[in-house]
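Shown next, in structure tokens, is the structure this report addresses.
Heavy atoms only: backbone and side chains are in, while hydrogens, waters and symmetry mates are out. Please read all numbers here as calculations on a predicted model, not as lab measurements.
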Amino acid sequence: MQATSDQQAFVSLENYDDIDLIRSKFPPLANINIDHNLNNLKDCRFFIIRTQGEDNVHRAMKYGIWTSSSRKNERLDEAFRNKKEDVYLFFTEINSMCFSGMAKLTSEFNAKAHFKYWLIENKWFGTFQIQWLYVKDIPFKHFDEIKQIQKLEGSEETLKSVYDLIDCTELTVDNGIKMARIFQMEKTNKSLFEEFPQLDKLEFQSRQERTNNIRFEKKFQELSAVFETIPFSFSVASYERKKTNRKAQGSYYQSQYGQQYYYQQPYQQYYQQPFVGYQFQQTPQYWQFNNGFYQNQYQYQQNQYNNNNNNEQGFNKPQQSYEKQQHLQNHYSNQQQQSNTVSQQPQQNTNQESNQNVQSVPLEQRFQINHQQLQKKGKFDKNRNKNNKDNIQYVEKNSTEAPVQKY
């Protein structure tokens with residue numbers, strides 16, 4: 001497969017058993033697994049690299065490149081620019097239970113050189129140049145005694161083994177030297193080269209899917225262009241989130257000074273009315289006896305208009321107005337005051353008046369009077385119209401004067 005103008009060509013071998021053939025075929029692996037003179041390690045810097053899968057390490061070994069998230073790339077770039085000696089990287093894959101190789105940074109971060117064929121498309125941009133020193137699988141048990149304190153934001157300091165540290169954690173000089181000596185002294189025939197034939201097939205498939213793919217190429221050019229402007233603060237997830245927010249806002253609402261906000265309707269605060277107790281400050285409420293709950297003035301006028309229309313259509317039970325209900329309530333309160341003043345008089349006068357009231361009523365209605373005097377649970381009896389439930393008539397009950405019919 002031919003490479004594009006700025007991408008490495010696909011290179012593979014049928015068999016990865018011959019170490020000399022691997023060294024001659026892949027320049028980044030030209031000096032692997034030989035006796036390196038690791039001098040002046042006290043002035044070197046060491047980092048742990050944890051990857052999501054073997055695919056990314058496979059590409060890094062074949063083409064001698066590496067990249068990570070923006071924050072981690074910034075950390076490695078700062079280490080290379082301010083180094084006194086070499087910067088070494090120890091690679092491990094998640095759930096692999098071993099370290100798979102040791103490499104050395106040979107260049108600073110290049111924000112304009114992108115590799116399209118990492119495991120996940122359109123996630124990592126920019127590249128470092130690296131040279132591999134050792135490619136061998138060393139189990140974690142050889143590193144059990146090498147521990148380091150790790151401090152994360154919002155958590156306490158914890159003592160961890162080096163294989164449990166998070167990605168791009170810088171090791172202390174002593175721990176880095178110990179790990180380098182283990183790679184230098186440990187001899188094993190196991191390595192990631194055993195998985196290279198299968199990984200080559202996966203890489204070839206991804207190249208076929210992404211090459212000449214208009215959708216992928218358009219997205220890649222868009223994200224890479226933005227990445228080059230802010231290489232050490234770019235995040236694909238945050239960029240996509242802000243992009244969807246801008247689409248939702250459209251031309252209806254534009255944030256000021258280029259700042260990005262979540263979508264909200266403009267002038268929304270003018271529609272929000274502050275609460276005062278159980279009422280709105282800008283919408284006066286009226287207590288209605290005909291419905292028993294708060295309603296605003298417009299609803300009250302609309303109900304009165306509907307009731308008047310119903311009366312015009314031939315309903316015999318007219319709706320009592322708000323003023324008449326107040327009059328009935330005041331009349332009932334006056335009657336209670338009169339009853340209180342009468343109760344202060346001697347009991348003989350009250351008994352005589354009650355006897356006169358009872359004698360003035362026919363015998364057939366005396367039981368009805370006593371029954372009304374016992375019922376004192378409410379002020380009014382509510383009668384609903386069967387045809388119109390909103391048309392309600394309130395009749396006063398528990399009055400002191402008995403309703404005497406005149407014949």
Side-chain angles (χ1 to χ4, degrees), residues 16 19 22 28-29 31-61 66 68-69 71-73 75-76 79-80 83-105 119 128 130-196 198-199:
Y16 288 88
I19 189 66
I22 295 173
L29 302 174
N31 298 319
I32 59 171
N33 299 343
I34 62 175
D35 293 333
H36 294 280
N37 294 324
L38 301 178
N39 299 323
N40 299 324
L41 292 180
K42 293 183 179 180
D43 295 330
C44 296
R45 301 180 70 172
F46 307 89
F47 291 87
I48 296 291
I49 304 298
R50 296 176 63 89
T51 64
Q52 293 182 352
E54 297 174 346
D55 300 77
N56 293 330
V57 181
H58 166 258
R59 275 79 158 168
M61 288 181 178
W66 184 248
S68 184
S69 62
R71 300 296 183 185
K72 297 170 185 176
N73 288 336
R75 191 179 305 172
L76 295 176
F80 184 83
K83 68 173 184 176
K84 295 180 180 179
E85 293 294 335
D86 295 329
V87 178
Y88 294 103
L89 309 177
F90 300 101
F91 284 80
T92 181
E93 299 84 30
I94 297 175
N95 299 326
S96 65
M97 301 300 295
C98 66
F99 283 96
S100 58
M102 176 180 174
K104 178 176 66 174
L105 275 180
L119 177 61
F128 290 99
I130 60 176
Q131 188 72 26
W132 289 88
L133 304 180
Y134 298 99
V135 177
K136 57 179 72 174
D137 291 345
I138 302 179
F140 285 160
K141 64 180 181 180
H142 295 279
F143 305 92
D144 287 337
E145 297 180 357
I146 306 176
K147 298 182 181 297
Q148 182 169 321
I149 296 175
Q150 187 170 56
K151 178 68 170 65
L152 300 177
E153 295 181 0
S155 62
E156 298 180 354
E157 295 182 353
T158 55
L159 184 63
K160 293 184 178 181
S161 300
V162 289
Y163 50 78
D164 289 331
L165 298 175
I166 63 174
D167 182 26
C168 204
T169 299
E170 184 173 3
L171 298 173
T172 60
V173 176
D174 294 336
N175 290 338
I177 294 174
K178 291 178 182 179
M179 291 190 66
R181 297 303 180 191
I182 292 174
F183 270 98
Q184 189 176 18
M185 300 300 296
E186 188 67 23
K187 295 182 180 181
T188 179
N189 294 326
K190 294 184 178 181
S191 66
L192 192 60
F193 292 141
E194 298 176 0
E195 306 294 334
F196 266 39
Q198 181 64 26
L199 295 174

Inset, instruction - Inspect the surroundings of NZ in Lys151 and state if more than 12 heavy atoms from other residues, nucleotides or ligands are less than 6.0 Å away. - result: yes

Legend entry - Shortest non-hydrogen separation from Ala180 to Leu38 and the atoms involved: CB-CD1, 4.2 Å

Legend entry - CE-CD distance between Met179 and Gln184, expressed to the nearest 0.5 angstrom: 14.0 Å

Inset, instruction - Could you go through the side-chain contact (heavy atoms from CB on, under 4.5 Å) check for Phe143 and Ile138 one step at a time? - result: CA-CA 9 Å; Phe143 305 92; Ile138 302 179; 3.5 Å; yes

Legend entry - Flag, side chain of Asn175 to backbone of Leu171, donor-acceptor distance under 3.5 Å: no

Legend entry - Nearest-0.5 Å distance, CE of residue Met185 to NE2 of residue His142: 13.0 Å

Inset, instruction - Look only at the side chain of Asp137 and the backbone of Cys98, and say whether a donor-acceptor pair between them is shorter than 3.5 Å. - result: no

Legend entry - Cys168 side chain reached by Ile48 side chain, heavy atoms, under 4.5 Å: no

Legend entry - Candidate pair Lys104 and Trp132, rule side-chain contact (heavy atoms from CB on, under 4.5 Å), full reasoning: CA-CA 6 Å; Lys104 178 176 66 174; Trp132 289 88; over 6 Å; no

Inset, instruction - Spell out, as yes or no, whether a donor-acceptor pair under 3.5 Å connects the side chain of Glu85 to the backbone of Asp43. - result: no

Legend entry - Thr188 side chain to Lys136 side chain, donor-acceptor N/O pair below 3.5 angstrom: no

Legend entry - Glu93 to Thr51 - nearest heavy-atom pair and separation: CG-OG1, 3.5 Å

Inset, instruction - Answer yes or no: is there a donor N or O on one side and an acceptor on the other, between the side chain of Ser161 and the main chain of Lys147, under 3.5 Å? - result: no

Legend entry - Flag side-chain contact, heavy atom, 4.5 Å: Ile49 against Thr92: no

Inset, instruction - Search all heavy atoms of Ala60 against all heavy atoms of Trp66 and return the closest pair with its distance. - result: CB-CE3, 3.8 Å

Legend entry - Residue pairs passing the ring-ring contact (aromatic ring centres under 6.0 Å, His included) test where at least one lies in residues 158-188, sequence neighbours excluded: Phe90-Phe183, Phe140-Tyr163

Inset, instruction - State whether a side-chain donor-acceptor pair under 3.5 Å links Gln150 with Lys160. - result: yes

Legend entry - Nearest-0.5 Å distance, CD1 of residue Ile34 to CD1 of residue Ile19: 10.5 Å

Inset, instruction - Flag the pair Leu29 / Phe193 as yes when at least one side-chain heavy-atom distance between them is below 4.5 Å, and no otherwise. - result: yes

Legend entry - Plane angle bin for Tyr16 and Phe196 - parallel if under 30°, tilted between 30 and 60°, otherwise perpendicular: perpendicular

Legend entry - Ring centers of Tyr134, His36 separated by less than 6.0 Å: yes

Legend entry - Audit row: Phe91, Met61, side-chain contact (heavy atoms from CB on, under 4.5 Å) steps and yes/no: CA-CA 11 Å; Phe91 284 80; Met61 288 181 178; over 6 Å; no

Legend entry - Spatial distance of atom SG (Cys44) from atom NZ (Lys84) [nearest 0.5 Å]: 11.5 Å

Inset, instruction - Looking only at non-hydrogen atoms, find the nearest pair between Thr169 and Gln148 and report the distance. - result: CG2-NE2, 4.3 Å

Inset, instruction - For atom NZ of Lys190, decide whether the heavy atoms of other residues, nucleotides or ligands shown that lie under 6.0 angstrom number more than 12. - result: no

Legend entry - Short side-chain to backbone donor-acceptor contact, Arg75 and Arg71, under 3.5 Å: no

Inset, instruction - Quick one: which residue pairs count as a salt bridge (charged side-chain N to carboxylate O under 4.0 Å, His left out) with a foot in residues 165-177, not counting sequence neighbours? - result: Arg45-Glu170, Lys72-Asp167

Inset, instruction - Would you name the heavy atoms of Leu119 and Asn56 that are closest together and state the gap between them? - result: N-OD1, 3.1 Å

Legend entry - Heavy-atom closest contact (Val57 atom, Ser100 atom, distance): CG1-OG, 4.2 Å

Legend entry - Approximate separation, where rounding is to 0.5 Å, of Leu41 CG and Asp86 CG: 8.5 Å

Inset, instruction - Give, for atom CD1 of Ile182 and atom CZ of Phe99, the distance between the pair rounded to the nearest 0.5 Å. - result: 9.0 Å

Legend entry - Trace of the side-chain contact (heavy atoms from CB on, under 4.5 Å) decision for Leu105 with Leu89: CA-CA 8 Å; Leu105 275 180; Leu89 309 177; 4.2 Å; yes

